[in-house]
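Whatever order the structure lists them in is the order used to number ligands and atoms, beginning at 1.
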Amino acid sequence: MDGLMMDFPLNLNYILQRAHKLFPRKEIATKVGSAMHRYTYADFYERVNRLAHVLDSLGVGPGDRVGTFAWNTYRHLEAYFAIPCKGSVLHTLNIRLFPEQIVYIINHAADKVILVDQTLLPLLEKLAGRLPTVKHYIVMADGAYQTTLTPHSSYEQLLRDAPSGRYAWPEIPENQAAAMCYTSGTTGNPKGVLYSHRAIVLHSFSECMADSVGLTERDTVMPVVPMFHANAWGLPFSATMVGSRQVYPGPHLQPRDLAELIQEEKITVAAGVPTIWLGLYHLLERERYDISSLRVMPVGGSAAPRSMIEGYQKKLGATILHAWGMTEMTPIGTVSQLKSHMLSWPEDEQFAIRAKQGVMVPGVELRGVDNEGKEIPWDGQIMGELQVRGPWIIREYYHEPNSSASFMDGWFRTGDVVTIDPEGYIQIVDRTKDLVKSGGEWISTVDLENQIMGHPKVLEAAVIAVSHPKWQERPLACVVPKPDFKDHLTGEEILEYLRSRVARWWLPDDVVFIESVPKTSVGKFDKKVLRERFKNHILPDM
Ligand code: AMP
């Protein structure tokens, strides 16, 4: 039709060129050993150009997949832009998956070249004989290295030898693939998610909105969430788009490393899964670090316990922003900001809202659907499966003939069970498969865990369903005491604590103490392992 707007492609080249023109002096810093590697957006741009030349010389063409097997570093950021901006596909490999899964993923995606961090060489070397599609390995090292991978080249050497001239960046249609990531599914093989340029750009816009994560040029952003986990929640893309200062922790993810980075680098936005921040919290309870630079800590991947949100706010003055998303959603779906009329609510009610996963961000639509396929009311009570749609949500899995069960009338079925309150805030009650189905009623393991983790003697807790002769399933609480209370915490204390906090029939039938909660490759509680371990657990008669 006449008189419409330009057909301007939303692609990552736009983000890259913008950053290069506007923020050449802005810093990107990475922790390397005990020092910091620092350079500017201008240096970054120069190296991104060189990397694109290098990939051409290795025969990487449009649409070819290039794997990265790496920590969060400036080199990984270079790959984040050079690969998609030259028309190829960035495939971030989850270094913490089982070897079998990594082999499956690389072969399924048919990666042509893999960029690998020197410290991760031993992991990849063991698999190399089973990766027929990989034609070249590029080793990202700070100095000399040795490897059995063949053929291989040094990233730094290749960059040094590459032409210094500007790369002729192609015009990329917005619906072309830019990146891919496999979901760490708990059953079956991992499934591939292919992100379009358009999806990533629109997601970046949304992520930078003030009521979302709200990144700005004035921020110093530290993605602690791995760059192989849903593009570090899109932060490297959105931070580059708005020209934030960026800090990458490399492999240094211990609480003390993070506390030092926040203090020394004056981080304003630090993002990661709850496990990371629980660990940091316990350090900060004992030792003093100045974390006052923090403006917001986006937390997602699994439920942020209310006690943690409250603890950070009241004891440390740091604001946790609870968000929910999925690899299939680029990944942000909801963010829990208070609406203006809630600012005068009693503190207790405000924390109750902030502990929910929040409202849909602009660009995402959501609904809850019950067992009969009917939409659930927004009453904060009735549970249903969360379904979503929007421009950065997958339409199908990559080369997966049987993905139709994950979709319903154009909506993506998340597999998460939620309630939605009258204000539109969702609360993740559970994964469908983790719910305890007790006598036809559902018990939320997430809710129980969050309550138990509020007990002052508890470090971590996971609740699982175990079979029960009368009720089909009943909850079992697996609790890790804080080190100081290792042998000084009883199951009865946990139950007593819960009695005033949850419905009587929700009370776990038993409490067991464990050394630690097993974690998945991206730091979530791995309840599959606990279910296996306690599958024959005999519950006491209650
Ligand atoms: P992944 O794609 O690995 O990030 O996993 C996505 C899943 O993580 C979601 O379907 C949820 O089950 C879970 N998840 C993500 N964020 C949250 C959150 N804030 N609270 C509870 N569960 C979450």
With the criterion set at N/O pairs under 3.5 Å, what does the list of contacts between the protein and ligand 1 look like, atom names and distances included?
from     : atom 1 : to     : atom 2 : distance (Å)
ligand 1 : 2 (O)  : Thr327 : N      : 2.8
ligand 1 : 2 (O)  : Thr327 : OG1    : 2.6
ligand 1 : 3 (O)  : His229 : NE2    : 3.4
ligand 1 : 3 (O)  : Lys524 : NZ     : 3.1
ligand 1 : 4 (O)  : His229 : NE2    : 2.9
ligand 1 : 4 (O)  : Lys524 : NZ     : 3.3
ligand 1 : 5 (O)  : Lys524 : NZ     : 2.6
ligand 1 : 8 (O)  : Gly301 : O      : 3.2
ligand 1 : 8 (O)  : Lys524 : NZ     : 2.8
ligand 1 : 10 (O) : Asp416 : OD1    : 3.3
ligand 1 : 10 (O) : Asp416 : OD2    : 2.7
ligand 1 : 10 (O) : Arg431 : NH1    : 2.9
ligand 1 : 12 (O) : Asp416 : OD1    : 2.6
ligand 1 : 12 (O) : Asp416 : OD2    : 3.3
ligand 1 : 14 (N) : Gly301 : O      : 3.2
ligand 1 : 16 (N) : Gly301 : N      : 3.0
ligand 1 : 19 (N) : His322 : NE2    : 3.0
ligand 1 : 19 (N) : Ala323 : O      : 2.7
ligand 1 : 20 (N) : Ala303 : N      : 3.2
ligand 1 : 20 (N) : Gln357 : NE2    : 2.8

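For the atom pair OG of Ser206 and CG of Asp211, the computed distance is 10.5 Å after rounding to the nearest 0.5 Å.
Between Tyr195 and His203, the ring center distance fails the sub-6.0 Å criterion. A ring-centre distance under 6.0 Å is not found for Tyr104 and Tyr182. Between Tyr74 and Tyr248, the gap from one ring centroid to the other reaches at least 6.0 Å.
The backbone N or O of Met360 lies less than 3.5 Å from no partner atom in the side chain of Thr334, so there is not a single donor-acceptor pair.
Within 6.0 Å of atom NZ in Lys437, more than 12 heavy atoms from other residues, nucleotides or ligands are found, so the atom counts as buried in its surroundings.
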